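Structure record follows, encoded as structure tokens.
Please read all numbers here as calculations on a predicted model, not as lab measurements. Proteins come first, then strands; the chains are lettered A, B, ... in the order of their sequence lines, and each starts at number 1.
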Amino acid sequence: MILIWLIMVPTAGGLLAWLLGRRHAGWPKWVALVTLVIDLSLGAGLAAQCFGEMGITLGGPWLVRIQLSWIPELGISFFLAADGLSLVLVLLTGFLGIIAVASSWIEIKERTGFFYFNLLWVLAGITGVFLALDLFLFYFFWEMMLIPMYFIIVIWGHENQVYAATKFFLFTQISGLLMLVSILGLYFIHAHNTGVYTFNYLQLLSTHLRPTTAMWLMLGFLIAFVVKLPAVPFHSWLPDAHTEAPTAGSVILAGLLLKTGAYGLLRFVVPLFPSAAFVFAPVAMVLGVVAILYGALLAFAQTDLKRLVAYTSVSHMGFVLLGVFAWNRLALQGVVMQIICHGISTGALFFLVGALQERLHTRDLNRMGGLWSAMPRMGGSAMVFALASLGLPGLGNFVGEFLVLLGTYRANIPMAVLASLGLIGSTVYSLWIMQRTFHGPMKEDWKPVDLSIRETAVMGAMIAMIVWLGIFPQPVFTFVRPSLEKLEQITDLADSIRRIDRLETAVFLSTTGAPAGFQREDHP
Amino acid sequence: MLECLWLIPALPFAGFLVLSLAGRRLSHRAIALVGAGSIGLSAAVAGMVALGFIAAPPRGHAFTQTLWIWLDTAQFRPAVAFYLDPLSLVMILVVTFVGFLIHLYSTEFMIREEGYSRFFAYMNLFIGFMLTLVLADNFLLLYMGWEGVGLCSYLLIGFWYEEPQNGYAARKAFIVTRFGDTAMAVGLFLIFTHLGTLQIQDTMLRARELWPAGSTLPTVAALLLLGGAVGKSAQLPLQTWLPDAMAGPSPVSALIHAATMVTAGVYLIARNHVLFSLAPAVLTLVAVVGAVTLLLAGFSALTQHDIKRVLAYSTISQIGYMFLALGVGAWSAAIFHFMIHAFFKALLFLGAGAIILALDYEHNMFKMGGLRRQLPVTFWTFLIASGALSAVPLVTAGFYSKDLIIWQAYASTRGGMWLWAAGIAGALLTSMYTFRMVILTFFGPPGMEVSRRPGWRMTLPMAVLAVLSLTAGFLDVPRSLGGIPVLSNFLKRALPAAISAGVRVGREGLFEAISGTVSLVGILLIYLFIRRIPRFTEKLVHSGAGAFLHRLWFAGWGFDLLYDRIVVHPYVWLARINRNDVIDRFYRWIAWINRLASCGLSRTQTGRIRSYALGITLGAVIILGLVVFL
């Protein structure tokens with residue numbers, strides 16, 4: 001039941017905000033804030049309860065589930081379930097949602113009701129994506145994320161908003177449609193095999209597929225997630241969308257929307273099509289490395305601060321793609337960590353960029369400089385997150401990136417070495433951000449005001465989180481471990497018989513499916 | 001007593017927290033108290049721990065204190081744990097004690113600076129990370145300390161951030177060392193993948209069991225770790241960042257770029273001596289890198305104008321000596337020299353800082369002169385430190401430490417004539433550039449008026465370091481001179497003793513004598529060149545070959561130029577031309593085709609019934625035709 005509340009609360013809150021917005025422009029933001037605080041508390045309460053009961057997992061990794069029938073004739077049910085991974089991501093959603101509301105507190109002045117309606121519905125959609133286990137329902141929420149975000153960009157965005165919003169919409173919609181084709185394909189093949197028409201994820205997991213079919217279906221899913229991630233060469237929508245969106249939009253785009261792509265890889269692509277994914281893995285790893293290096297190069301070249309930060313997201317998510325397809329436990333744990341920490345650090349960076357833009361009314365790096373003395377608190381916060389971006393140990397991003405690289409090394413040494421060069425690339429752009437905005441001489445006669453109480457509170461919370469995750473990441477790992485169990489079984493298998501021909505492994509995986517009862521070799 | 005180990009890094013971190021959060025609201029006195037006090041307390045605790053360790057050594061001469069498990073996933077369980085053995089004990093004593101003296105000095109040096117609390121916050125953070133580095137029980141924690149000191153170095157080099165060149169120097173330092181750090185990270189991946197652990201002592205045990213000496217895996221692993229070490233320690237080929245790092249305040253140069261951070265590479269190699277011993281080829285490389293670097297840097301130091309740049313190149317050169325020692329297997333000699341070097345080099349930088357402050361931020365030695373009367377304390381301490389640097393025989397500590405290395409370069413089974421020759425040539429150069437600096441700055445006609453004299457908070461640390469530069473050498477007096485190698489004995493539990501080739505041992509006395517003579521000859525030579533035959537020296541410097549060499553050495557043998565051409569400019573160029581992302585063009589092209597087609601098709605909406613009728617007819621004909629023919 002609580003899972004339904006997690007989605008319903010923002011949905012209802014959004015409607016309420018829209019209604020109240022007609023009365024008074026100042027109310028919707030309070031409604032939004034309260035709604036999200038309630039949502040986050042629900043999520044936190046659930047997580048705390050589940051964390052306490054960690055030892056007694058009921059039937060596998062699923063901590064909470066609810067299944068209501070919806071359209072039984074077509075096999076569609078309203079099936080929500082949370083395991084460690086989805087719960088952590090739902091918490092992230094609530095947290096970044098509050099940050100997004102805080103960032104638009106004074107930035108959004110027109111049509112506030114409609115804005116918060118869209119914001120809350122995006123968050124509801126994202127929560128739904130993380131919780132849905134019925135593929136039809138999943139697609140429904142996938143689209144539900146899209147449309148309000150389009151409105152956010154197009155109505156409250158900056159100069160080039162129509163172009164950016166349209167591009168964003170087309171990219172994600174088309175890739176989503178390909179995913180729909182795959183979903184339907186899976187649906188029909190399952191029905192053909194077993195006679196049962198169902199969209200239920202758990203039942204579809206054991207569909208027997210021929211290798212070529214599996215590859216095509218997997219590619220359909222993959223394209224949707226890889227566009228969302230985004231991976232090069234499908235990343236083109238990201239810089240425009242992030243740059244032109246209002247701050248709250250950027251925070252949610254970078255912090256959450258990109259993570260849905262990563263989540264999709266972990267939840268759907270690998271478990272549903274293990275053999276096809278395994279065969280595709282080398283290509284995906286190359287794409288990941290390319291994203292890391294190319295993203296870093298592009299970031300360094302930008303003169304628009306927001307665009308620069310947007311490209312850093314491409315680079316960081318390259319680690320995610322690399323980690324998922326490196327096929328071992330260490331890398332997977334690193335991926336989860338990277339997802340969470342990147343959400344926080346990039347969300348914070350966009351928050352700061354938004355705050356900077358409000359004060360200076362420009363994003364042009366060539367005009368900024370020397371702002372530290374006027375705004376030491378902002379400078380200090382930016383420094384912390386620039387350091388997180390470059391992977392400084394002691395902050396959360398390092399843990400994620402290090403684990404991903406450690407895992408990748410086991411799988412493919414050249415890829416790991418090339419990806420490690422990304423550490424140098426990220427240093428270059430992160431220090432460049434600091435130099436251009438806060439250091440150096442002041443180029444124009446700015447008299448900006450330092451962070452307000454609201455902004456300081458937000459930054460304080462985020463810094464505390466990122467430092468906490470850097471020094472005490474273990475709770476996250478423990479919490480998420482059971483959800484990665486299935487993935488780890490699949491990947492352990494591949495890891496231990498890696499010396500055998502790749503094709504044999506793929507065949508083996510496709511015929512045995514879930515390798516229950518198979519003896520795993522123990523690694524030292 | 002040993003249980004207090006965690007306090008040693010914790011106190012500086014606490015100092016950092018207090019100063020970064022509340023620094024703006026505190027008075028200068030409070031800031032100085034917190035900033036220097038935290039390090040002072042840390043030094044006191046270190047002293048007590050040391051006493052406890054020496055009086056009642058723990059089992060195996062090693063003590064581990066685990067605070068918490070950092071990560072626990074997939075058989076990867078690095079802990080936040082500290083490891084105390086003779087090696088780390090020596091390191092923490094030097095870091096905290098010299099660190100405290102420098103902090104005390106800074107309370108006066110930085111007093112007029114805006115950002116007083118920021119300075120001490122960063123300095124405390126640095127000490128915290130440095131202590132983490134040397135106390136780390138596993139590679140991951142070491143890596144955290146490693147990156148952390150790099151960060152603080154960046155923050156402090158760029159402390160006066162309004163000047164873009166300071167920011168440039170800071171970024172250069174961070175990025176160049178990042179190359180080394182990345183190599184080291186890959187080395188860590190290798191070690192974990194093949195040995196299954198990152199806990200340092202376990203790694204050494206397993207490496208000895210699993211990896212035969214000289215095989216590929218230990219060689220590659222050692223090579224990668226060496227990559228990290230040369231970055232942090234500013235050795236060839238990653239030495240270019242250190243001279244520019246002099247843009248930071250002098251206490252920063254003293255602490256980070258002389259005494260502590262730059263020696264992290266030396267510590268890394270010493271700590272992993274087992275691994276390096278399994279890769280003799282890499283050890284030889286270490287020695288060669290050390291030897292070449294000490295010579296190259298020595299030549300460069302001879303030509304500089306800026307007093308701090310002389311000291312920077314000197315640091316590069318002296319660390320070259322430490323690498324040389326490590327490479328020939330004289331592990332404790334390297335650590336001994338690290339300790340002595342920390343004392344006299346920090347003193348030299350503090351003295352340079354006093355001079356610079358006194359002359360209103362003038363760095364150019366050629367504008368100075370005759371300062372010995374105006375800044376007497378500075379002069380005498382500087383002179384003592386210079387003597388130690390030049391390894392003036394018997395009286396200075398430098399003699400004992402540096403000449404131990406030079407001797408081992410010859411005597412050790414891994415050493416030889418060439419390495420010894422490099423060491424001796426380097427010693428000659430050292431005396432020459434050091435006393436060139438002394439003569440130009442303190443002797444001769446006065447160049448500038450002194451505006452500020454250092455107070456007790458600056459002169460006391462300098463005096464203490466001067467005393468140490470004279471006396472600390474007696475900790476390890478070689479037997480041939482009738483002494484007891486106390487330090488080497490102490491370190492023997494952690495680091496193996498150098499193995500000397502028997503036949504050469506008997507000549508120790510002779511070689512000591514040669515070293516001593518060379519250092520004195522160097523002083524004499526430079527005195528002659530500058531004082532007695534200045535016109536000849538001038539002509540030499542401006543003649544064809546001389547001028548070329550002078551320019552080459554002044555520019556650090558052209559490495560900056562090289563790296564600019566092959567790394568920096570291509571990267572920046574590539575980034576700039578691709579600013580708008582060539583991949584985006586593809587999507588814009590699709591949009592363009594779309595628009596084109598849309599424009600084309602919209603022309604069919606003519607609004608004229610005739611064309612519509614024509615269209616319908618044509619369509620019908622085509623469809624009928626298809627139906628008929630297919």
Would you say the side-chain atoms of Tyr294(A) and Asn578(B) include a donor-acceptor pair closer than 3.5 Å?
->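 There is such a pair between these side chains.
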Flag for Glu113(B)-Trp160(B): side-chain donor and acceptor within less than 3.5 Å |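 Result is yes, a qualifying pair exists.
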Checking Leu298(A) against chain B: side chain, backbone, both or neither under 4.5 Å from a heavy atom?
->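 Contact with chain B: side chain only.
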Any donor-acceptor N/O pair, Gln302(A) side chain to Asp304(A) backbone, under 3.5 Å |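 No.
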Among the listed options [options], the residue most often paired with chain B at heavy-atom distances under 4.5 Å:
{"options": "Phe438(A), Phe477(A), Tyr163(A)", "answer": "Tyr163(A)"}
{"options": "Leu403(A), Leu170(A), Leu405(A)", "answer": "Leu405(A)"}
{"options": "Lys167(A), His235(A), Met442(A)", "answer": "His235(A)"}

Any chance the rings of Phe16(B) and Phe120(B) have centres within less than 6.0 Å?
->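 Distance test on ring centres: not under 6.0 Å, no.
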Which members of residues 579-595 of chain B, sorted by number, sit under 4.5 angstrom from chain A on a heavy-atom basis?
->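 Under the 4.5 Å heavy-atom cut-off, Arg579(B), Asp581(B), Val582(B), Ile583(B), Asp584(B), Tyr587(B), Arg588(B) qualify.
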Report, by ascending residue number, the residues of residues 170-179 of chain B in heavy-atom contact with chain A at a distance under 4.5 Å; give 'none' if the set is empty.
->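 The residues closer than 4.5 Å to chain A, in numerical order, are Arg171(B), Phe174(B), Ile175(B), Arg178(B), Phe179(B).
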Criterion ring pair (Phe, Tyr, Trp, His ring centres under 6.0 Å) against Tyr571(B), the qualifying member of Trp432(A), Phe300(A), Tyr429(A) =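 By the ring pair (Phe, Tyr, Trp, His ring centres under 6.0 Å) criterion, Tyr571(B) pairs with just one of Trp432(A), Phe300(A), Tyr429(A): Phe300(A).
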Proximity breakdown for Ile577(B) and chain A, heavy-atom pairs closer than 4.5 Å =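 Neither; nothing under 4.5 Å.
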Does anything in residues 123-143 of chain B pair up under salt bridge (Lys or Arg N to Asp or Glu O under 4.0 Å), and if so which pairs, sequence neighbours excluded?
->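 Listed by first then second residue: nothing to list.
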Donor-acceptor contacts under 3.5 Å from residues 373-390 of chain A side chains, at least two apart:
from	atom 1	to	atom 2	distance (Å)
Arg377(A)	NH2	Leu451(A)	O	2.7
Ser381(A)	OG	Arg377(A)	O	2.8

